[in-house]
Each structure stands twice: as structure tokens, then as C-alpha cells.
Protein chains: 2
Amino acid sequence: MAYRKTPAEIHRLTAAREHLVGCATRVVAEVGWSQASVTAVADAAGIAAGSVYQHFPSKAALAVEVFRRAAGREVEVLGEVLHGPGDPVERLARGVEVFARRALENRGLAHALLAAPAEPAVGAERLAFRRRYRALFAEVVHEGVATGALPAQNGEITAAALTGAIGEVLVDPLGGPGDADTDALLADLTALALRCAGAPRS
Amino acid sequence: MAYRKTPAEIHRLTAAREHLVGCATRVVAEVGWSQASVTAVADAAGIAAGSVYQHFPSKAALAVEVFRRAAGREVEVLGEVLHGPGDPVERLARGVEVFARRALENRGLAHALLAAPAEPAVGAERLAFRRRYRALFAEVVHEGVATGALPAQNGEITAAALTGAIGEVLVDPLGGPGDADTDALLADLTALALRCAGAPRS
DNA sequence: GAAAGAAGTGAACCACCGTTCATAGCTTCC
DNA sequence: GGAAGCTATGAACGGTGGTTCACTTCTTTC
């Protein structure tokens with residue numbers, strides 16, 4: 001044999017791959033899936049279109065990777081908050097707030113993850129992650145029902161409503177174009193969440 | 001002059017157009033916007049691909065027409081229920097129930113209207129109609145707040161949550177594939193809606 | 001330094017799809 | 001019946017965008 005990947009080379013390759021995924025994520029967040037052509041992504045990463053295929057077998061595979069990375073981060077953060085300290089109702093409120101705040105802080109990415117038109121492979125991925133968000137919320141709702149803090153209810157539906165509400169607000173900002181008051185919006189959203197779950201009025 | 005459209009001819013033309021729109025709606029409901037190519041739609045209507053352009057200047061125009069017809073019906077029905085008799089809370093519950101029931105009865109179409117990936121022109125239309133659904137719900141919520149039946153709240157967000165929740169449930173049926181129990185689902189949804197709006201517990 | 005092999009390149013390829021257009025078939029009017 | 005005008009047709013066109021591939025460039029090994 002006359003060639004073996006040296007550690008430095010391996011590192012260079014994975015770095016290139018990471019760089020590609022990062023740039024692709026940025027492009028998707030900025031212009032959406034439909035406009036994120038292989039050429040556009042490659043340009044953003046400073047490589048040739050053909051080189052993308054050194055790292056991924058197809059555009060769909062790259063897209064799925066981009067989606068999984070970004071959506072995975074959100075699931076992780078949400079999970080930490082929902083499984084953190086505090087009683088179920090508090091955690092639910094904080095979870096909604098964090099989830100929504102992160103989405104509002106990176107609207108483009110959030111839109112891409114939750115709503116923007118995408119190829120079927122990404123659509124399937126989106127479905128899977130929606131289930132995970134929903135499951136996380138539902139878990140806390142069930143907990144609240146068990147401890148008596150919340151009334152009996154279909155937790156899955158409550159959870160669906162929470163993600164749906166945040167998605168709605170993201171897709172079509174109600175307060176006009178400007179972020180007139182993000183904090184107020186977040187406050188309204190958490191209040192909605194507590195009503196949705198049937199938490200006692202404060 | 002040697003030619004003028006006779007009434008019968010006019011009727012034939014508009015009928016052909018209607019037939020085209022109807023078939024296109026069916027195709028979209030069955031396979032989604034992305035798979036509803038001009039050829040597929042023309043085939044379904046039993047005409048040549050080129051003939052579509054006798055009735056519509058572009059595929060986008062046909063798509064928009066299909067969307068407007070279908071979404072317009074829903075707005076109308078929802079409006080009638082929400083503006084009908086009964087106190088605001090009752091109307092809200094009935095509105096959610098009717099909206100969701102119709103969606104569940106024609107899942108394919110509902111999915112196309114609310115969620116399925118679509119070309120930009122349809123996306124814009126969708127945004128406009130979402131605002132209308134939302135406005136209708138918000139109106140009733142405001143009414144309820146005014147009469148004291150509901151607590152003070154951001155009605156727009158409550159309305160967004162309601163449409164979002166129904167959309168969520170549609171996109172990813174929670175109870176597995178089967179309609180295990182549509183009535184139970186509807187009951188859970190209306191219960192959710194009332195909690196969302198903060199209606200007194202029954 | 002030279003051979004061997006991998007990564008990078010970008011122009012060309014190809015499939016798909018909306019759209020057009022020359023042609024054929026019908027309808028209207030005299 | 002025939003001229004004029006409209007509608008219907010479907011093969012051909014053109015743009016787009018993912019993918020390929022012969023070739024260049026860089027890295028490793030001896």
C-alpha cells in the first residue's frame with residue numbers, strides 16, 4: 001500500500017465537512033430550502049459544486065444532516081429545561097418560553113425547521129422531530145396531571161397545540177413586521193401555554 | 001364580424017374550466033402540490049397539457065384558483081358558525097369542532113391547504129387565509145373577553161394556537177394511522193380550545 | 001523525486017416540467 | 001357550403017438544478 005490517511009488529513013477532511021454543513025445551515029436559514037441549491041451551498045462554503053459529493057452522496061443527505069444537527073440542538077435544549085428543576089407547571093412555562101425565544105432569535109432557521117417548504121426527505125425528518133418536541137411537552141403535561149397540578153386532559157393534544165402555536169406565530173408574526181416587543185410576545189405565549197394546559201389562574 | 005360566442009359555447013367553456021379546477025383540486029388533495037404537475041392535472045381532467053393554458057395563464061394561476069376555492073369554502077363555513085347563535089364560548093367550541101371535523105373528513109385537502117409544501121404563489125395565499133382563520137377566531141375570543149366570559153388575553157395568540165393545534169394534529173395524526181376515534185379526538189380538541197381561551201371549567 | 005492514490009474541480013450530462021406553437025378540428029355567421 | 005375565428009392538441013423547446021466524470025492538484029509512501 002502506498003497511501004494511508006494521516007491523522008492530520010482526517011482532521012482536515014472532517015473539518016471541511018463540518019464547514020460545509022455549517023455553511024449549508026446558514027444558507028438554508030437565510031434563503032430557505034427551496035433556494036438552497038447545491039451550487040449556492042458550495043459557493044457559500046468556497047468549494048466547487050462537485051466537491052459536495054465528496055462529503056455527501058446526494059443533496060438530500062446533506063439536507064437531512066443540516067436538519068438533524070439544527071433540530072437536534074433544539075430538542076436537547078428543550079429537554080434540559082423540561083427535565084430540569086421545578087414543578088411541572090413551572091417547567092412547562094419555561095420550556096415554552098425557551099423554545100419560542102430561541103426560535104424568535106433565529107427566525108430564519110426556525111422557519112426552515114418548522115415550516116418552510118422542503119424536499120420529502122427533510123419533510124420526513126421534520127415529522128420525526130415534531131414528534132419529539134411534542135413528546136417532551138406531553139411528558140411534562142402528564143406529570144402535571146399526575147401530581148394534580150393540571151386537570152385531566154389529552155396531553156398529546158396540548159403538546160401539539162403548544163408547538164403549533166409557536167409555529168404559527170413564527171410563520172406569520174402577528175404584531176406586524178417589527179419585533180414590537182419580543183418580551184411581551186413571549187409573556188403572552190407562556191400565558192397561553194398555561195391556559196392550554198389548564199394551570200390554575202394566577 | 002363572423003364569430004361571436006354563443007351562450008351554449010360560453011357555458012361549455014366555463015363548465016370545462018370548472019371541471020379542470022375540480023379535477024386539479026382532487027389531484028392536489030390526493031398527491032399534494034409538488035406532485036400535481038400540469039400533465040398530471042390535465043390527464044385527470046381528460047384534456048391535453050397545452051389545453052390548461054386555454055383557461056389559465058400559468059400553472060401558478062391555476063394553483064391559486066384551486067387554493068382560493070377550497071380555502072374560501074372553509075372560511076365561509078367557519079365564519080357562519082362563529083357568527084351564529086349562542087354565547088361566544090359555545091360558538092368558539094363549535095367553530096373549532098367544525099373546522100377540525102371538516103379537516104379530518106378531507107385530510108388530503110386539509111393538508112394541502114394548511115401544510116403541504118407548495119410553490120410561492122400558493123404559500124402567499126396560504127398566509128392570507130391563515131390570517132383570516134385567525135381573525136375569525138380572534139374576534140370571538142375578544143367578544144368573550146368583552147362579555148367577561150373569558151379572562152383577559154392576547155386573542156390573536158389564542159387564535160393562532162387553535163389553528164396551529166388543528167394543523168399539528170392533521171399533519172401528524174397522534175393516534176397512529178387509524179382514525180381510532182374521530183369523535184374522541186374532536187372532543188379533546190374542543191376541550192383544549194376552551195382551556196386555551198381560559199373558559200371556566202365545566 | 002517519483003509512483004500511487006485520494007480529494008477537488010467545473011464543464012457537461014440528463015431528467016424533469018412548465019410553457020409555447022404550428023396544426024387540426026369545431027363553431028359561428030352569411 | 002365556405003370563410004373566419006376560436007379552441008384543443010401534443011410534440012418540441014428552454015430553463016433549472018442535481019449529478020457525473022475525465023482531469024488536475026495535493027498528499028502519502030518509499
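Throughout, a chain's letter reflects where its sequence line sits, starting with A, and its residues are numbered from 1.
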Give a yes or no on whether a salt bridge exists between E65(B) and R68(B), defined as a side-chain N under 4.0 angstrom from a carboxylate O.
-> no
Starting at CD of E9(A) and ending at P of dG5(C), how long is that distance when rounded to a whole Å?
-> 16 Å
Which whole-number value in Å describes the distance from L62(A) CG to dT19(D) C1'?
-> 14 Å
Would you sort out whether C196(B) and L192(A) count as a side-chain contact (heavy atoms from CB on, under 4.5 Å), showing the intermediate values?
-> CA-CA 6 Å; C196(B) 258; L192(A) 168 83; 4.2 Å; yes
Per A48(A) side chain, nearest of listed nucleotides dA7(C), dG10(C), dT9(D) = dG10(C)
Hey, is the main chain of A116(B) close enough, under 3.5 Å, to the side chain of R126(B) for a donor-acceptor pair?
-> yes
With the sugar-phosphate defined as primed atoms, P, OP1 and OP2, and the base as all remaining atoms, what B/S/- string results for nucleotides 13-21 of chain C, 5' to 3', for protein heavy atoms under 4.0 Å?
-> -----SBB-
Rounding to a whole Å, what distance do you find between F56(A):CZ and dT20(D):P?
-> 16 Å
Given dA8(D), is OP1 or OP2 found less than 4.0 Å from the side-chain N or O atoms of R12(B)?
-> yes
Atom CD of Q54(A) to atom C1' of dC26(D): distance rounded to whole Å?
-> 13 Å
Rounded to whole angstrom units, what separation is found between the CD atom of E119(A) and the C1' atom of dG17(D)?
-> 12 Å
Salt bridge (charged side-chain N to carboxylate O under 4.0 Å, His left out) between E139(A) and R91(A): does it pass, once the steps are laid out?
-> CA-CA 11 Å; E139(A) 205 180 327; R91(A) 278 181 277 148; over 6 Å; no
Are any of the side-chain heavy atoms of L114(B) and Y133(B) separated by less than 4.5 Å?
-> yes
Separation of dA7(C) atom P from L20(A) atom CG, nearest Å, is 15 Å
Residues two or more places apart in sequence or in another chain: which of them pass salt bridge (Lys or Arg N to Asp or Glu O under 4.0 Å) with E97(B)?
-> R101(B)
Taken to the nearest whole Å, CD1/I10(B) to P/dT28(C) is 10 Å
Round to the nearest Å and state the distance from H55(B) atom NE2 to dT9(D) atom C1'.
-> 12 Å
